[in-house]
Structure formats: structure tokens, C-alpha cells
Amino acid sequence: MPASCGAGKGIRMRWTQFFIVTAKETPSDAVVPSHQLMLRAGLIRQVVAGAYTYLPLGLRSLRKVEGIVREEMNRAGAIELHMPAMHPIELWEQTGRVAAMGDVLLRLHGRGEDWRSRTVLGPTHEEIITEHARTYLNSYKQLPVNFYQIQTKFRGEARPKSGVLRTREFLMKDAYSFHTCKEGPGGLDEGYQAMYDAYCRIFSRCGLPYVAVEADSGPIGGDASHEFMVETDAGEDFLVKTDDGSYAANLERAEVASVTDAGDGRDEPIKLVPTPGHTTIEQVSTLLGCAPSKMIKTILYVADGAPLIALVRGDHNVNEAKLKRVARVLTLEPADPALIKNLTEAEVGYAGPVGLSNVRIIADQAVTVMHDAVTGANKTDHHLTGVNPGRDFEIREAADIRDAVPGDRAKNGRPLTFRKCIEVGHVFKLGTKYSVAMGAEFLDEKGASHPMIMGCYGIGLNRIVAAAIEASHDANGIIWPASIAPFRVILCSLDVREAEVMSVSRKLHDELESAGIDVLWDDRDQRPGVKFKDADLIGIPVRITVGKKGLAEGVVEVTTRKDGQVRKLAPEQAQAEVMRLLC
RNA sequence: CGGGGCGUAGCUCAGUCCGGCUAGAGCGCCUGGUUUGGGACCAGGAGGACGCAGGUUCGAAUCCUGUCGCCCCGACCA
């Protein structure tokens, strides 16, 4: 359904006949600015943890975002359809994602093999669209094609938080493209680029200060995934970038330049020291008086069923996404204590690389240049000092397997900076994972059968609304980008019992509506302060103030929310000024 | 799932430790009046039985047990 946002059609959108509930006080359990302001401005109302009603004002913004997304998707050649939120679990079983998604997949509860027990609420729609593709798309002549929908998604998030930034029910635009090949005309790369470009247009039009970053692309590798991020402290991802913008990636993916060898060639001898009860980097660091950066952290994993040890510096964290790629494994789980004892012959907390030759070890690049390091001795209650890679243990595999940290440099040598951010969109080259699992194949010119090559592209609509607020607000309230504001103009009629005020207001309102501008007419019989505070709070970009005081001087005022600048104009000039400000 | 916090009026909160008048305040809401360019003032009024269920007690918002919900930190996040 098209987003028809304007009141339009001669209906005046009067405040007194609409439904707006603002609040002076901030509800105590809202922490991040977007959540606080969405509640105070009366955009949303929480129903249960992770699920919100969009009140009329909030819905208008959401619909405007929807409209922009729909326009740009259509422009990019994607075709809209609508899939159900209820899915038969069988489709999820075909791709193995019932297990893969675990508790995130919301399931209905029924008795035994009741239909309810065979039904899930869709967290995403790869399975459904691939089912459709395998039924309807049989020939190369039908490809490429891109289907999209705007649909409610359900996820059993363990911890909903930050208002609408992380919820169990949310609105998502998801698109799925199907191709005969990866490269060349009509291929996945081309379709992916088209979506990438469409996303840039969408976020720009929504007024979001976004950054497109390389994201972890899982087992497919290459340049197969980008995330669109908006910087905000309310976010839960980390954006890593260089100051000059020459490199940007999410933390999972961000590559760091090698650390150089700062040793002086005079390595100490290795020494066994007692460290009873000290099992963490922090404890040992304190006990022995050595910086965490002088320690080697030894983490044991089970990777595709086999033990795997990762070595990183004590002040670094293993990046499991990187480790998976480097190790070329699909699954990576922390080893359980029994396995650790078995491999190291020590209690948990005393593992180290020295003497562990029978296990695959991958060292972080920074470990290879360490000198006189401290690490576990593979003997309960003991650590080793003076440990030197190469001399005391062999490094067969070394790579970048850790998270970037402040102080690191990008591969191009520029210093990396870190910012919290929220992901608002993700484009992904899926390849044939789903088409193979579900048998979605097409016939080529020669009549040979191939699995379709797929891409998928998601946008979180609610997150766009919240991210826009995160990015643009002040102490008084929201400052909407005009494109997604619930209304573009608020017409503030002071002295509503004055006939002239109302007739001038009415005229202005109707002119603007005829010009295609949606106007909220604040016709409440309220004191000016109340109306101004509310206008600021709900953040309408342009305010027109009509009062008897101004009219006595022959003027109305046009005020911009973002800078508070006031322009006194004759009523006849107001519309032109508003149009100018909104363009 | 671990750690912490909180459930009293539509909202913000006091009262809970040390059981005891008829459970309070501010905001919001209703009525009347005075006001009217940055969240006015006066007077009057409606509204909760204290998340829920047990228990202790002459008596429970307050103590005990259980349970549910919500928020925050962490873990997790196709």
C-alpha cells in the first residue's frame, strides 16, 4: 500500500482533531535519546519488552521512511511482493536453520505435532523466497530478478533494548535477488552494486549520516558484504575507520597493520614461576607486575570438531570471525574445561603455547614479535616468564586474528578510530547456500541445471527512524530531517479566538497543502509556551507562527527547528519561504 | 543464560529499613475563574488498594516464600 502521508484532499490536519500525546517527563526506563524522545513526543508506546505500538505521529514518520525505501527499490528495478510472517518449519529444516538460529527463531506452541508446533514466525525470509523461486523461476530467461517486501519480522532476541533499536518485532525491508552467474551482465555483482547504490540513495534521502563499511562476509569471503552504519553512542556495533575516510569496516572485519618487532635481541631465559590461584590475564598481570601487553593469551577452541588454539596478546581479544576465516572452518566454539585439562594437563587458566606441539595453533601477528612474554605453563598454578616465540615454541600459522584496538593502524598506515554505531542496512552476497539447500535451480541455454546465485539486502525501518533521532536532536527534542518528519510544517496559531489569526492561518494551511506540503495545524487554545515546547519536542522542521501580535505588524514568523532562526514575513510571502527552506 | 536494579494513580516519584490514622506529592486529566509570545495562577474534583499468589500477624505497600513483568551491564545477535 502506498504511503499516503499528507492529510491532503482538503482535510485540514488540526492538532485538536488528531492524536498527539506529549509528555514533559522522561519515562525512567528509557536510557538512549531516541527512546526517550520517541516516548516523550508520543511516537511510540511499549506493549511488551521488544514490541511497540506506533502512535499516529510515529507511524507517519515510519510510513515516510517506507515510502522512500519503496521508491528507491522500485527505481532499482526490484519487484515488491508480500510474504507471510508465519512459516512452516519444514522450510527452515531444509536449510538447517532451525538449529542454526536456535532461540532466535520464534515458534508457536501446540500439542504434539499440531500445526502450531510446525509453525514459526519469520525472522527473515530466505527460505520462503527461495521456495517461491524454485517453483516459478525455471529458466535463465527469467533471471536476474529481485523481489522485495516490507514486512514485520519476529526474533526471539534475548535482550531487547534501547527502544526501537533492538526489538523482538520490527519492520524490515528485505530483498532477494536471483542470478545465473556471479560476474558480468545480470550477474550477482551487478545486482549487488545496484542495491548498494539504492541503499546510499535511501539513507541520504532519509537524512542519515551513514557510513557504508565492509562487514564480515562469513564463509563466502571476498567483498561480499557491506553494512550501512549510523554513528551513535546508542549503537551496539563498532565502526572502525581512518580519520581521512580511506578505510572503514566494522569491528568484526577491520584489518590492522602488522605490529613491528621492538625487541633488542637480548631475550631473557625462560622461567617457571608459581602463580597459585591466578588464572586471568588481569590477576597474573597484577601478581607479576607485567603489563597485559607482555602476556600471551591462549584460547582453546573446538573448530569443526578439532581442537584449535588461538594466541593473542594479553591486551587483545580474539576475533572469532577472523579466526574462522583464517582457519577455514565453519564452526568455532570455546573448548569446555574437560578438553582444556586434557590438552594442557592443567586446570583452566594455565594454558600456554610452550610444549603444546600436538594441537593446531594459530598466533596473532602481534604475538610473533613479542619478547620475554608471560604465559601459562600448562601446569596448574604456574606461569612462564621470558617466553620468546620462535625460541620457546614454534609458530606455524600467524595471521590477523584479533579485534582492532585504539592505537592500531589500518593497512594503509593511517591511525584507526572507533565509534559506536547502529546498523541500519546490510547487503550480502549469499551465493548458492539457499538455492542448493532447497533445490532452486534454473536451466541454462544448453538445458543444463544450475542452482541460482542469490543476494539478500535488508533495511531496518524502525532503526532508520530511531537513528535519525539519535543523529539529530537537542535538549528540546527531536530535529527531524524534513523527508521523514511526521509533518514538514507546523502551523502554530496563537490567540485562536482571534478571527484574523484563524483566517490567516487557514489560508496559509490550505496554500501549503495545495502545494503538497503536509502541515500540522496547532489550533489548540493553549498558551504560546506550551505550543512552542511541543513543536520543538516533536521536531517539525519548519514552524509558522501566526499571532495577533505579529499580525498587528503585518507579519507571521517562519522558524526553522534546527537553528531556531526566525524570519518575519508578510503572510503572502510565507509559503514561498517555507518552500525554499524545505528544498 | 549470568550479574545488578525496579514494580505504589496515565507519567515522574515518596512511603518499605524500624508493620499501625481513611496510601501521599508533582505533572497530566475534569469543573469554574483569572491569565495568554517559551511548559501560568487560584479554587474545587475524579483517579490507585500498592505486579500477582500464598504465608506470618490483632493488623501487611511495608516482614517471609514463590511467581510474573520491566530496565541496565555482560553473554548472544541469520
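Protein chains get the first letters and strands the later ones, always in sequence-line order, with residue 1 at the start of each.
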For residues 462-473 of chain A, which side-chain donor-acceptor pairs fall under 3.5 Å, sequence neighbours excluded?
unit_1, atom_1, unit_2, atom_2, d
N462(A), OD1, L171(A), N, 2.7
N462(A), ND2, Y54(A), OH, 2.9
R463(A), NE, L165(A), O, 2.8
R463(A), NH1, E423(A), O, 2.9
R463(A), NH2, L165(A), O, 3.2
E470(A), OE1, T232(A), OG1, 3.1
E470(A), OE2, S34(A), N, 2.8
E470(A), OE2, S34(A), OG, 2.7
S472(A), OG, I479(A), O, 2.6
H473(A), ND1, I469(A), O, 2.8
H473(A), ND1, E470(A), O, 3.3

Taking only distance into account, with no hydrogens and no angle test, what donor-acceptor pairs under 3.5 Å do side-chain atoms of residues 15-33 of chain A form with protein atoms, sequence neighbours excluded?
unit_1, atom_1, unit_2, atom_2, d
T16(A), OG1, D523(A), OD1, 3.1
T16(A), OG1, D523(A), OD2, 2.6
T22(A), OG1, D534(A), OD1, 2.8

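With a cut-off of 3.5 Å on both pairing distances, the Watson-Crick or G-U wobble partner of rU31(B) is rA43(B). Here rA9(B) sits opposite no nucleotide as a Watson-Crick or G-U wobble pair (both hydrogen-bonding atom distances under 3.5 Å). In this structure rC17(B) sits in no base pair that meets the Watson-Crick or G-U test at under 3.5 Å. With a cut-off of 3.5 Å on both Watson-Crick or G-U wobble distances, the partner of rA23(B) is given as none. Under the Watson-Crick and G-U wobble criteria, each requiring two contacts below 3.5 Å, nucleotide rC1(B) is paired to rG74(B). Across all strands shown, rC63(B) forms a Watson-Crick or G-U wobble pair with rG55(B), both key distances being under 3.5 Å.
Scanning for side-chain contact (heavy atoms from CB on, under 4.5 Å) contacts around E131(A) gives L91(A), R134(A), T135(A), M438(A), with sequence neighbours left out. Residues meeting the salt bridge (Lys or Arg N to Asp or Glu O under 4.0 Å) test with R419(A), sequence neighbours left out: E231(A). With sequence neighbours excluded, the residues forming a side-chain contact (heavy atoms from CB on, under 4.5 Å) with K153(A) are H125(A), Q149(A), Q151(A), F170(A), M172(A), D174(A), Y176(A), listed by chain and number. D237(A) is linked by a salt bridge (Lys or Arg N to Asp or Glu O under 4.0 Å) to nothing, counting only residues two or more places apart in sequence or in another chain. Evaluation of the salt bridge (Lys or Arg N to Asp or Glu O under 4.0 Å) rule for K322(A) yields D400(A) as partners, not counting sequence neighbours. Residues satisfying the salt bridge (Lys or Arg N to Asp or Glu O under 4.0 Å) criterion with E227(A), sequence neighbours excluded, are absent altogether.
Bounding nucleotides for the chain A contact on RNA chain B, 5' to 3', at a heavy-atom distance below 4.0 Å, are rC11(B) to rA78(B).
Listed by residue number, R40(A), Q46(A), V48(A), A49(A) are the residues of residues 35-58 of chain A with a heavy-atom contact under 4.0 Å to RNA chain B. Residues from residues 550-562 of chain A lying near RNA chain B, meaning a heavy-atom separation below 4.0 Å, are G550(A), E557(A) in numerical order.
Using a 4.0 Å cut-off between charged side-chain N and carboxylate O, E126(A) and R97(A) make a salt bridge.
Taking OG of S225(A) as the reference point, atom NZ of K429(A) lies at 10.0 Å (rounded to 0.5 Å).
Within the 4.0 angstrom heavy-atom criterion, only backbone atoms of the sugar-phosphate kind lie near S28(A); the bases stay farther away. Counting any heavy atom pair closer than 4.0 Å across all strands shown, D536(A) reaches a base atom. Using a 4.0 Å heavy-atom cutoff across all strands shown, P27(A) reaches sugar-phosphate atoms only and no base atom.
Counting only residues at least two apart or in different chains, ring-ring contact (aromatic ring centres under 6.0 Å, His included) contacts with residues 519-554 of chain A comprise H509(A)-W521(A).
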